[in-house]
Structure formats: structure tokens, C-alpha cells
Undergrad: 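Could you have a look at this structure, given as C-alpha cells, before my questions?
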Amino acid sequence: MSGYVPSALFVYGEESAHLLDAVNGNTVGADITPVALGSFLEAPERYVTDQAHVVVAAELADIKTILSLARQHGFSVGLLPSKSQKQLRACYDLPADPEALVNIALRDDPPVMDLILLNDQVMLFNAVLGRLPLLEAGHDHSRIGLVLYSFWRMLRLKLQACTFTLASGRRIDTAACGCMIVQKHEGSLASRLVARDSSFSDGLLSLVIAAPMSVMAYARFLAEFLSSKFKHTKVPSTLGYIKNSRIDIETQPPVPVLIDGVPVTQTPLHGEVQPEAVRINVGDRLRKELSGAGAVTERVEVKNLPQGRELSKVLDKHIPLFGYASEDRFRDLFLALREDARITGTYVILMILSTLLATVGLFLSSSSVVIGAMLLAPLMAPIVSLAMGIVRQDDRLAVKSIKKTIVGVLIALTAAALFSLLITHKPVTPEMQARLNPTLLDLAVAILAGIAGAYTKSFKEILQSLAGVAIAVALVPPLAVAGIGLGRADFPFFFQAFLLFSTNLIGITLAGALTFRILGYSPVVRNKRGMAVVAMLLVLISVPLMISYRTIVETQTTEKAWQQERFLVGGKYLIVEKAELRNLLNHDVLYVNILAREPMDRSDLAEFKEKIQRYFSRRLIVRVKVTYIL
Amino acid sequence: MLLSIVLVVGCSRELVIEPSGRTVKIGVIAPLSGSDEAVGKSGLQGVELARALHPLLHNGDQLELIIEDDQTDPEKAVEALDRLDAQGVAAILVLSLSNTVLALSEQARRHGRPLLATIATHPDLTRENPHLVQLSFDDALQAAVAALFLRDELLLSRAAVFSEPDAAHSKFLADEFISQFTEANGTVQDHVQMSGTNSLEKTRLQAMKEDGVEVLYLPVRAEHVLHIARRMNEINWQPRVMSSDGLLSELLLNHADEVHLAQNFMATDMHSSLLAKTSYGKDIVTAYEQLDQPLGSTFTVLGSEGLSILFTALNRTAPPYAARDLQRQLRRIKHFEGYAGVIAISGNGKAIRPVYVNRITDRKLEYVVKVY
């Protein structure tokens with residue numbers, strides 16, 4: 001149980017003079033000698049010779065001066081923060097109640113604490129160099145306010161060259177947008193990062209270094225960080241962390257350093273810890289923490305920071321919206337993709353088998369057989385490689401992938417064409433029809449498949465065959481139908497299916513490329529030629545898409561309008577349930593499902609057709625399916 | 001004002017035509033006074049608007065309208081027809097209801113002048129009369145659509161019918177509906193003949209309710225519909241209600257404060273409020289907006305379509321627009337772009353156009369189905 005000092009010096013600034021009565025009238029019976037701050041600072045040795053404990057109520061800068069004197073002269077300190085000194089009160093766990101505050105300040109067993117000096121200036125809470133959006137903000141902002149405040153700042157972040165030299169002499173050359181040295185700053189979000197790992201008396205200072213590679217990466221980190229589930233055990237991917245007894249920081253060019261929110265110096269910054277330099281009375285919670293604090297070791301975690309060859313590519317540029325990746329960082333993936341772009345015997349065999357199986361399935365109009373063919377198709381590999389080649393502007397990879405894809409396409413077309421030559425009967429099954437009339441949903445399948453392909457390739461733990469099937473769904477059946485068209489020498493048939501295939505292929509490739517870009521695989525240096533290629537592909541794809549889209553919209557508008565159409569034919573009331581207009585072998589075929597309560601005879605059917613034809617400019621073939629309502 | 005509308009709406013689409021100096025007289029018979037005054041004036045507004053869109057034929061001849069008020073009296077209509085004939089009109093637009101047009105039908109045979117009836121729907125209009133063209137659909141079709149929609153689409157089997165025995169149109173619709181509905185194995189539990197506006201006893205309606213009547217067919221005038229609606233509310237009964245063409249237009253023109261009584265009533269009609277319009281339809285709407293008037297009724301649209309069809313036929317006929325030639329051209333129109341779709345005129349003088357089944361919702365006709 002704490003006792004109290006028998007006597008103490010009370011050093012007060014002008015604005016704290018009102019506390020005289022409270023301190024003099026303290027309930028613990030300590031004998032107080034009040035001294036004006038100015039007088040004390042002029043000749044502190046005059047006062048501290050007889051007094052071993054000083055209670056101080058003054059501005060922060062003056063408190064720091066007194067702490068330096070405390071280190072020098074060996075007296076202990078009790079603090080009386082004013083109402084506006086919330087940070088100080090929070091840092092030392094001091095209460096707001098004046099009587100309780102005075103009692104704590106007069107205790108006789110103040111814990112020993114380190115003093116951190118930065119360029120010989122005392123740092124109590126933190127020091128900030130550069131910019132760390134959100135991290136340097138206090139707890140007292142609302143979350144939404146914090147996000148809004150930081151968002152614009154995130155977009156303007158730049159990485160600047162920094163060198164950190166540790167007590168051991170180790171030198172770390174890197175780049176960062178900002179750093180924060182943290183003592184035990186209760187008021188900032190950054191303190192959450194170091195909370196478990198720091199103490200007032202561990203003889204070390206904590207340095208958090210922010211070096212996000214992209215705005216998205218930083219935003220992702222902040223989202224996790226603000227979440228209540230954030231675990232402090234691992235250093236987040238956009239940060240570096242150093243815990244050392246001495247750190248020297250150099251930047252090019254020099255940047256201002258804010259110590260406890262005040263710009264008092266600039267880099268180069270020399271930071272060192274004066275271990276067990278002062279004794280300060282603190283609140284009960286902090287006192288307990290300090291007494292239970294275990295040994296803390298030095299830490300140097302800088303693998304997330306740009307180093308080596310990467311460094312020259314990131315310096316002095318605004319961080320991009322999406323990340324980039326160096327080959328060093330993702331070596332295994334790039335090697336795997338290069339391998340995927342090679343044409344092998346297995347690839348050829350699987351293409352033949354999957355296409356033949358798909359062709360059989362199309363003739364049987366069996367969706368399950370067609371699905372089986374998709375499981376075999378090896379198309380994912382070259383297309384995902386092509387997507388990565390486009391993103392990385394790796395011409396070699398892209399060209400190899402394109403060649404492999406073309407070989408696969410030619411094999412598929414040939415196999416399907418030859419197979420269809422063997423079948424004398426030339427049906428157009430529903431499975432085939434579905435690939436002759438592309439809808440926007442087909443394109444949606446292609447885009448989602450492309451995203452899936454790129455995403456699964458990026459994460460080894462995901463079974464990649466799953467995405468491969470998704471890609472094959474969009475490519476193998478239309479390719480097989482196109483081959484059938486070739487085999488029948490029916491070029492409109494071939495062209496329609498091949499249009500669907502090529503639209504899907506480009507859609508998958510671009511979706512995959514975009515996914516890789518978002519996941520952070522684009523190179524640091526983007527050149528205009530790569531973007532021009534992407535732009536040209538986009539234009540290429542938009543032409544058939546626009547044609548398809550117009551047709552699709554027209555068809556869907558017509559089909560939707562049909563649902564409210566009725567016909568009175570031969571005195572019989574016919575309800576159109578569904579109508580689909582399809583183009584089949586250059587003929588417009590209207591498939592109509594109707595509900596009726598009476599059977600129709602030949603003249604009814606003729607009248608029905610005549611009524612339908614009246615509203616179409618093109619000649620129609622009409623196919624009617626009747627369901628009777630009872 | 002109307003001419004300026006032409007400049008706004010018409011000029012961008014048509015070549016500038018030089019006036020020839022000749023005039024083609026077109027007669028218009030409409031009930032501009034009497035009980036159908038609102039109907040007639042509404043239709044006439046449509047005619048005048050169509051004329052403003054096309055003041056000149058392609059050969060530069062100008063259309064001159066000679067308007068006669070039939071005072072909602074068939075006898076007066078016949079006199080008007082005689083006067084118009086004496087003035088040498090090329091054709092006559094009739095904006096009156098079926099009773100009047102039936103009376104004109106015989107006279108038209110004598111005069112031999114082409115008559116185009118815009119809103120009359122009685123099937124006998126064009127029977128053995130090569131001089132009359134009917135722009136609206138036939139009542140036989142309308143009644144069949146009503147009966148079979150209720151029977152085969154809504155699967156209702158018990159109906160009650162109301163009619164006005166003195167109105168040919170109403171009587172025909174009621175009889176035809178009963179025939180079609182019973183032929184489709186439905187039952188008509190009651191047939192009420194309305195003589196005055198307050199002739200429906202509450203007890204009779206109550207009996208229908210107790211008999212399980214599911215739908216009321218009301219091919220009667222708007223005031224009768226409102227009277228029945230009030231009686232329904234009094235006995236707290238809300239069966240389905242189907243009425244006939246022109247109901248909402250009549251309600252809006254003559255009973256604007258009570259339209260809410262007909263909320264959710266269904267009606268067959270030539271048009272619907274929310275249909276996609278053709279370019280012709282958009283021109284009409286734009287022209288009305290220029291006049292700062294809402295496009296109030298089906299009668300207006302039919303008036304516009306009537307004159308526009310006549311205009312089409314005149315353009316295909318050489319001066320002096322002999323009656324026979326004009327009649328032939330009228331009955332050869334196979335693809336006229338109307339307000340919301342294509343209209344054709346068959347060889348027997350009847351318009352081939354769909355019947356809309358609408359629901360009256362918030363003073364508009366909400367399209368339910370379209371029957372060809």
C-alpha cells in the first residue's frame with residue numbers, strides 16, 4: 001500500500017496557481033512548499049537539495065523540462081495535469097478528480113520510467129515523421145470521422161527514402177510514407193499496434209514504419225485494424241516495426257518531426273532511451289502494469305518494407321490505387337504461369353478428348369455429358385497465363401499463351417468438325433441452340449470465370465480445377481458448336497457460335513487481367529504500350545458485344561412484351577405464357593408456349609399464325625406448345 | 001397556336017409542301033351539345049390536332065373541316081349529314097356513339113359518301129354498308145374478349161350482367177357477353193336492365209352477393225357504373241368488375257370527382273395509359289403538351305387517328321377524291337401507325353386492332369393484357 005511523501009515542492013505555472021489551495025490543503029498531510037515555475041527553473045538546485053519530490057502543474061513543455069531536471073537531480077515527480085491536458089492524464093493513468101489527483105501526485109513510491117530523447121528533446125507520447133493517415137489520429141474521433149479524414153490523405157501518399165540505423169550499427173535502407181515513435185501513447189491508434197509490446201521501463205523505444213504499396217493495401221489494413229477482431233501478434237503487411245534502444249533516422253530530403261504534436265526538430269533524428277531515468281507517480285492501473293511487466297526484447301521486422309531493387313521503383317511516387325508486385329515477391333507464381341504457357345502433349349490430348357466429349361454431349365443434348373467435357377478441358381492454364389502476361393506486359397509470356405490457346409482452339413474446331421462429318425443427321429439440339437443465341441448471362445459467366453481463374457491461381461490453397469471448369473463452361477461448348485458448324489459447312493452456324501466463343505475468351509482474359517491487377521500483380525512501371533493493347537482489346541470486344549447486346553435487348557424486350565399478349569382465335573382464348581425468338585439457320589423462329597381451355601383446329605392455327613405474323617416485319621416460323629387449363 | 005405546333009412537331013419529319021390552292025372539305029359530325037357533349041368535344045380536339053399536324057395533303061391540297069353538332073340526337077345527325085352532303089364534302093368523320101351512327105348508316109348508303117366512325121363499336125355499323133369504316137373495334141370482339149378473359153384467364157365462373165336496353169351498344173355487348181360466357185361454361189346469375197340512374201335496388205345486389213357472383217359485367221354509361229359502385233360499397237361487396245370502352249374517359253370528362261369509386265375496375269378499351277407510343281403517338285402527346293393540356297381521353301386519340309387515317313387515304317386518292325376511290329383506299333389500309341400500334345382496315349370496313357383489358361388505377365388505365 002502506498003504511503004505519502006512527508007513533504008514536497010509544488011512547482012506551478014501562472015495558469016495553475018489556482019491549485020495552490022488544493023495542494024496545500026491535501027488530505028494526506030504532506031507539507032507543501034510552493035514555487036513559481038519561473039523561479040524554479042532559474043535555480044532548481046536551490047530547491048531540490050532539501051526536497052526529494054516535486055509536484056508540478058504546468059504546460060507540457062515545462063513539464064518536459066522538469067523531467068529532464070528530475071533525471072539530472074534525481075528527484076521524483078508527481079503530475080497535476082490541467083483539464084485540457086487529457087493526453088497527459090491518459091498517458092499516466094491519472095484521474096480527473098482534483099483530490100484524487102493530488103493524492104496520487106504525493107505518493108512516496110513513484111515507479112521508475114525511461115525517458116526518450118529525440119535530438120535531445122524529451123518525448124512523452126509520440127513523435128511523427130511524414131504521414132500516417134489514421135494511425136496518428138486519436139481515439140476520440142468517431143470511426144467515420146477518422147475514415148473521412150484519412151481517405152483523401154491516403155490518395156496523396158508518397159514513399160520517401162529513409163535509412164534506419166540501430167544501436168547495433170545495422171543499417172536499413174528502405175522507403176516509407178511516415179514513421180511514428182511510440183512510448184506508451186494511450187491516445188492514438190498506433191498505440192494499439194505496440195500495446196502488448198511496450199512499457200515505460202523496458203529501455204527500448206518502439207518505431208512503427210508505414211510503407212503501403214497501394215492505397216487499397218493501406219485501406220485493407222485500416223479496415224482490419226479498426227475491426228474489433230484485429231490481433232496484435234503479427235505486424236500488418238503495410239508496416240515495419242523496430243524496437244531498439246537507439247534509432248537514427250535519416251531521410252532524403254529532411255522532413256519535420258512532430259514531438260508530442262509540436263514540430264520542434266527535423267531529420268536526421270537521433271532517438272535514444274535513457275533507461276530508468278525518472279520516477280513519476282502514476283495511476284493504479286498503470287502502476288500494476290509496470291510492476292507486472294516482463295522482459296521485452298528488441299525486434300526488427302522490416303520484411304514488409306521495400307528494399308533492394310524494388311526501392312528505386314517506388315521512391316518519390318504517389319502510391320498507386322492498386323498494388324504492384326516484383327518478381328522476387330511472387331516468384332513461384334510467375335514460374336508456374338510460365339510453365340502453363342508451354343504446349344505439351346497432355347494439353348493436346350485433353351483438348352481433343354474434352355472437345356469430342358462436348359460434341360457428343362451437344363448431339364445428345366445432354367447437359368451432363370457437356371459438363372463432363374468441361375472437367376477435362378485444359379483451357380484455364382494458357383488463358384490465365386495470358387491474363388498475367390497482359391498485366392505484367394510480359395510479351396514473351398503473352399505470346400506463348402496466345403500460341404497455346406490458338407493451338408487448343410484449332411484442335412477443338414478440327415475435332416468437332418471431323419466428328420460432325422461422321423454424323424449424317426444434322427440436328428440442331430437445344431444444347432446447340434443455347435450457344436447460337438448468346439445472352440448477357442453468357443458473358444457474365446465468362447467474366448466470373450476469368451475472375452475465378454486469376455483468383456485461384458493466386459492462392460495455392462484453393463483447388464484450381466474448380467476455376468478451370470468455370471472457364472471451360474464459357475469456352476468448350478461454343479467451340480464445339482463452332483466446330484460442328486464447320487463440319488457442316490454451315491458458316492452462319494459456325495460464325496454465331498465462334499462469336500460467342502471469342503467474346504467469352506476476351507471477356508475471361510480481360511477479367512483475369514483486371515483481377516490480377518487488383519490483387520497487386522501489375523509491374524511497378526507501366527508503359528503506354530501495354531495499356532494500348534488493353535484498350536484495343538476492349539474496343540475489339542465491344543464490337544461483337546454491342547451487336548450481341550442489341551440483339552439480346554431487342555429479343556428480351558419482345559419476349560417480355562409477349563407475356564401480356566392474348567389471342568382470340570376461332571372463339572378460343574389463348575394466353576401466351578412464354579415466347580422466345582431465335583435465329584436458327586438464318587430463319588426467325590418464334591417458340592410460343594400458350595395456355596388454352598379448348599383444343600385448336602387447323603383453321604385456328606392458321607388464324608393464330610396470321611395474327612402473329614401481322615406484327616412482325618420478318619417472316620416467321622412459329623412453333624407452339626399448348627398447355628390446357630382445366 | 002395549332003399551326004405553331006406543326007412547326008415544332010411536324011416540320012422535322014416532313015418535307016415542306018407548297019400549298020396547291022385547292023381545298024378538300026371534310027365533314028365532322030359530333031355531339032357538341034347534349035348528354036354526349038364532353039365526348040364530342042374531346043373527339044373534336046383530337047381531329048383538330050391531327051389537322052394541325054397535317055394541314056396539307058402531299059399534293060398541297062388543304063383540308064377544311066366543316067363541323068356539325070348533332071346535339072346527341074340521331075335525327076339531328078341525319079340532318080347534319082344531309083347538310084354536309086349538300087356542301088360536297090369528300091368524306092365525313094363521325095365522332096358520335098353507336099346509336100347515332102346506326103341512324104346515319106342508312107343515309108350514308110343513299111348519299112354514297114365515305115363515313116369514318118371513330119368511337120362507335122356496334123357490329124351492325126358496317127353490315128352490308130360499303131360506305132362506312134369503323135375505326136374502333138367491334139363490339140362482338142369486345143364482348144368476347146371480356147367474357148373469355150374473365151372465364152379463361154381469371155377462371156371466374158359466376159357473373160352478373162347489367163345493360164341499358166335503350167342503348168344499342170350496351171344491349172349488344174350484354175347479350176354477346178352472356179352468350180360467350182355461358183358457351184364457355186360460365187353461369188350468368190342475373191341480368192339487370194338499367195332504366196334510370198338510380199334503378200338498382202340494394203337488395204338485388206345483395207342477392208347477387210349471396211349467390212356467389214364473382215364478377216359484374218357493366219357495359220353501361222359512366223353514371224350507371226358509379227351508381228352500382230356506390231351500392232356495392234353500401235353492402236360492403238367488392239366483386240371483380242368489368243366494363244366497356246370509354247368508361248374512364250367518360251368518368252374523367254363528366255364525373256372527375258368520383259373516379260375513385262371505380263378504382264380497380266377493369267374495362268376493355270382501344271388504348272391504355274402506359275403503353276409505349278409510336279412516333280405518331282409521341283407527336284400527339286407533344287402537341288398536347290404544347291397546348292398545356294393533358295391528353296384526356298380515348299376519344300381524343302381516336303379523333304386524331306380518324307383524321308390521320310382519312311388523310312392517308314386521301315393521299316392515295318387523286319383529286320377530285322371520288323367517293324368510290326376514297327372508300328376503296330380506306331379499306332386498303334393495312335399498316336397505319338396509330339397512337340400505340342399498328343391499325344389495319346379490313347375489306348369489310350372494320351378496324352383490325354387489339355383490345356386492351358385495362359385496370360383503372362389512380363385515374364389511369366393500367367394495361368393488363370392485350371388481345372389480338
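Numbers restart at 1 for each chain; the letters A, B, ... are given by sequence-line order, proteins then strands.
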Undergrad: Taking 3.5 Å as the threshold, show me the donor-acceptor pairs across chain B and chain A, one per line with distances to 0.1 Å.
TA:
from	atom 1	to	atom 2	distance (Å)
B:R151	O	A:R597	NH1	2.8
B:D152	OD1	A:R597	NH1	3.4
B:E153	OE1	A:R566	NE	2.5
B:E153	OE1	A:Y573	OH	2.8
B:E153	OE2	A:R566	NE	3.1
B:E153	OE2	A:R566	NH2	2.6
B:Y367	O	A:Q564	NE2	3.4
B:Y367	OH	A:E565	OE1	3.4
B:V368	O	A:Q564	NE2	3.1
B:K370	N	A:Q564	O	2.9
B:K370	O	A:R566	N	2.7
B:Y372	N	A:R566	O	2.8
B:Y372	O	A:L568	N	2.9
B:Y372	O	A:K611	NZ	3.0
B:Y372	OH	A:E565	OE2	2.5

Undergrad: Only counting residues at least two apart or in another chain, list the ones meeting side chain to side chain contact (heavy atoms under 4.5 Å, CB included) with B:L248.
TA: B:L252, B:V259, B:I360, B:L365
Undergrad: Under a 4.5 Å heavy-atom cutoff, which of B:L141, B:L155, B:V145 has the most pairs with chain A?
TA: B:L155
Undergrad: Rounded to the nearest 0.5 Å, how far apart are CG of B:L135 and CD1 of B:I119?
TA: 10.5 Å
Undergrad: What part of A:I629 gets within 4.5 angstrom of chain B, counting heavy atoms only: side chain, backbone, both, or neither?
TA: side chain
Undergrad: As a test of understanding, state which of B:V220, B:V225, B:L173 forms a side-chain contact (heavy atoms from CB on, under 4.5 Å) with B:S243.
TA: B:V225
Undergrad: Could you tell me if B:S249 and B:T298 have a donor-acceptor pair between their side chains, going purely by distance under 3.5 Å?
TA: yes
Undergrad: With sequence neighbours left out, write down each residue that passes side-chain hydrogen bond (donor to acceptor under 3.5 Å, both in side chains) with B:S308, or none if nothing qualifies.
TA: B:Y280
Undergrad: Which answer fits B:V357, side chain, backbone, both or neither, if we ask what part of it has an atom under 4.5 Å from a heavy atom of chain A?
TA: neither
Undergrad: Just checking A:F494 against A:F498, ring centres under 6.0 Å apart?
TA: yes
Undergrad: Identify, with sequence neighbours excluded, every residue that meets side-chain hydrogen bond (donor to acceptor under 3.5 Å, both in side chains) alongside B:S163.
TA: B:H191
